[in-house]
Amino acid sequence: MSQNQLPLPGQPHIARNGETLMVEQMSLEALAREHGTPLFVYSKQWMLDALAAYQRGFEGRDALICYAMKANSSLGILRVFAQAGCGFDIVSGGELARVLAVGADPAKIIFSGVGKTRAEMRQALAAGIGCFNVESEEELDVLSEVAAAAGQRAPVSIRINPNVDPKTHPYISTGLKGNKFGIAHDRAVQAYRHAASLPGLRVVGIDCHIGSQITEASPYMDALERVLDLVQAIEAAGVALHHIDFGGGLGIDYNGDTPPNADQLWRQLFARIDARGFGHRKFIIEPGRSLVGNAGVCVTEVLYTKPGEAKNFCIVDAAMNDLPRPAMYQAFHRIEPVSARGHGQAKDYDVVGPVCESGDWIGRDRLLDVRAGDLLAVLSAGAYCMSMASNYNTRNRAAEVLVSGNRATLIRRRETIEDQLRNELAGE
Ligand SMILES: *Cc1c(COP(=O)(O)O)cnc(C)c1O
């Protein structure tokens with residue numbers, strides 16, 4: 001980034017060069033002109049810097065960083081992490097196929113999720129993945145059966161539910177008693193004894209994942225104590241655990257949020273891990289959002305502005321099918337004009353998409369100086385946007401560009417209507 005560029009707060013790779021918003025050294029205006037809108041643009045450097053913070057936190061440790069690819073599973077993004085030596089946390093057979101397509105090391109793949117099918121288990125066993133993170137006692141039985149039938153022993157970890165409150169949105173908190181995820185803390189020893197007795201399984205570790213967009217260290221500290229207590233209890237019952245997988249969930253700055261840095265958080269966690277005598281274990285983590293969230297922006301064009309009786313609407317060409325987080329979790333994304341030129345007519349707007357749902361909004365009560373034809377950048381759009389995108393209203397999914405310095409690479413062509421109709425049969 002050159003001297004005269006002013007980075008946006010919390011977004012060091014997005015800056016204004018004079019009036020124009022840039023991702024690294026590429027102008028968003030130029031990229032939108034070339035590729036159209038809505039357009040996702042990602043900074044490779046932001047991702048590598050986010051990864052480096054974790055790597056600093058794990059320096060000198062036996063650790064594996066498995067990128068939780070559901071946050072953004074585009075091949076061009078996966079390739080960045082595969083080339084950086086990451087493992088991957090997958091949640092479906094489809095994700096397995098994607099990550100194998102970019103040459104990921106199967107031994108560094110872990111398979112999470114509450115509803116793995118037998119076919120997905122067979123697919124993952126055939127690929128030789130590193131670990132199945134099992135989420136129920138019935139799943140242990142099925143996995144053992146499937147593995148034994150294939151003449152294999154499946155490497156397993158059991159996801160335990162530490163029952164700590166991550167203090168985040170209820171839809172993205174996963175480690176509390178009422179959640180569908182994991183096995184209850186007080187059944188864990190029993191579940192491990194059962195796993196160790198099954199012919200098709202080989203117990204390799206323990207895991208947890210307490211939620212997402214966590215902005216404080218304390219839920220992690222609480223979960224850590226509970227997981228380490230369990231490691232002691234499980235090993236006392238005669239089942240050895242090779243690795244401890246601490247999940248993902250670290251938050252990012254969407255709107256002045258101040259999550260701990262990954263390296264600080266892990267220094268703090270390791271102080272406790274060392275004090276309890278577990279410092280030489282193998283650790284796995286599964287970060288998703290914190291590796292990609294602020295790497296991405298979505299560029300969208302203003303189609304119309306419309307004064308309303310109660311409020312003004314700014315109607316843009318991106319919608320809830322491209323940016324589902326506001327509709328799903330009332331999530332906040334900052335919205336910045338791509339050009340700071342302005343028209344001298346700033347107003348308070350609700351920024352909304354063209355989809356026929358009142359839930360189709362992208363930002364509420366935003367002061368913007370815009371006219372039809374202007375471009376807006378929706379920030380913090382790297383995680384849980386494109387990977388959740390849909391075709392609702394028969395809208396084509398957006399194109400994606402990966403920026404590295406002064407180079408921009410198209411990593412996903414804009415979908416076409418032919419792509420959408422390909423598998424449909426109108427019948428007689
Ligand atoms: C979604 C998920 C993650 C990643 O969560 P982030 O909040 O994106 O870091 C990690 N592990 C599991 C099991 C998950 O379901």
Side-chain angles (χ1 to χ4, degrees), residues 47 50-51 53-54 57 64-74 77-78 81 86-92 94-96 99 108-116 120 124 129-136 139 156-162 164 166-176 179-183 205-217 219-220 223 227 243-254 257 259-262 265-266 269 283-296 324-325 328-329 331 380-388:
M47 292 186 256
L51 178 62
Y54 280 103
L64 176 63
I65 300 170
C66 290
Y67 167 53
M69 62 178 281
K70 73 177 188 288
N72 187 320
S73 53
S74 299
I77 303 293
L78 299 179
F81 292 111
C86 286
F88 293 88
D89 176 38
I90 64 168
V91 293
S92 71
E95 286 197 345
L96 177 58
V99 82
K108 292 185 186 170
I109 297 174
I110 56 179
F111 192 172
S112 299
V114 294
K116 302 174 196 78
E120 287 175 321
I129 68 160
C131 188
F132 289 84
N133 287 0
V134 172
E135 301 222 16
S136 67
E139 187 190 340
V156 296
S157 161
I158 297 180
R159 177 169 176 178
I160 57 105
N161 185 337
V164 301
K167 298 174 190 147
T168 182
H169 189 283
Y171 281 13
I172 50 176
S173 82
T174 54
L176 272 167
N179 286 123
K180 70 177 176 183
F181 298 102
I183 285 177
I206 185 168
D207 64 284
C208 75
H209 171 69
I210 57 174
S212 202
Q213 186 53 20
I214 299 168
T215 55
E216 292 172 42
Y220 283 108
V227 170
H243 74 246
I244 301 172
D245 173 350
F246 216 52
L250 187 59
I252 59 167
D253 177 4
Y254 282 103
D257 307 289
N261 291 331
L265 174 68
W266 276 95
L269 288 167
F283 281 84
I284 297 180
I285 52 162
E286 308 164 353
R289 186 191 313 271
S290 55
L291 290 181
V292 290
N294 272 341
R325 300 184 61 259
M328 279 184 77
Y329 324 109
S380 309
Y384 302 108
C385 292
M386 181 50 97
S387 59
M388 285 188 174

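Computed over heavy atoms, backbone and side chain alike; hydrogens, waters and symmetry mates excluded. Remember, it's 1-based here, ligands and their atoms both numbered in the order they're listed.
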> For the residue pair L265 and A217, what are the closest heavy atoms and their distance?
Replying inline: CD1-CB, 3.8 Å
>> What I want to check is whether the side chains of Y54 and S290 have a donor and an acceptor closer together than 3.5 Å.
In response: yes
>> Check E95 with K70, please: is the shortest side-chain N to carboxylate O separation under 4.0 Å?
In response: no
> Name the residues with a heavy atom less than 4.0 Å from ligand 1?
Replying inline: A68, K70, D89, S112, R159, H209, S212, G248, G249, E286, P287, G288, R289, Y384
> Should the pair K116 and F132 be classed as cation-pi, given the thresholds of under 6.0 Å to the six-membered ring centre and 45° from the axis?
Replying inline: no
>> Test of understanding: with side-chain contact (heavy atoms from CB on, under 4.5 Å), list the residues that count as partners of A383, not counting sequence neighbours.
In response: A71, R289, V292
>> Over 60° means perpendicular and under 30° means parallel, so tell me whether F246 and Y220 are parallel, tilted or perpendicular.
In response: tilted
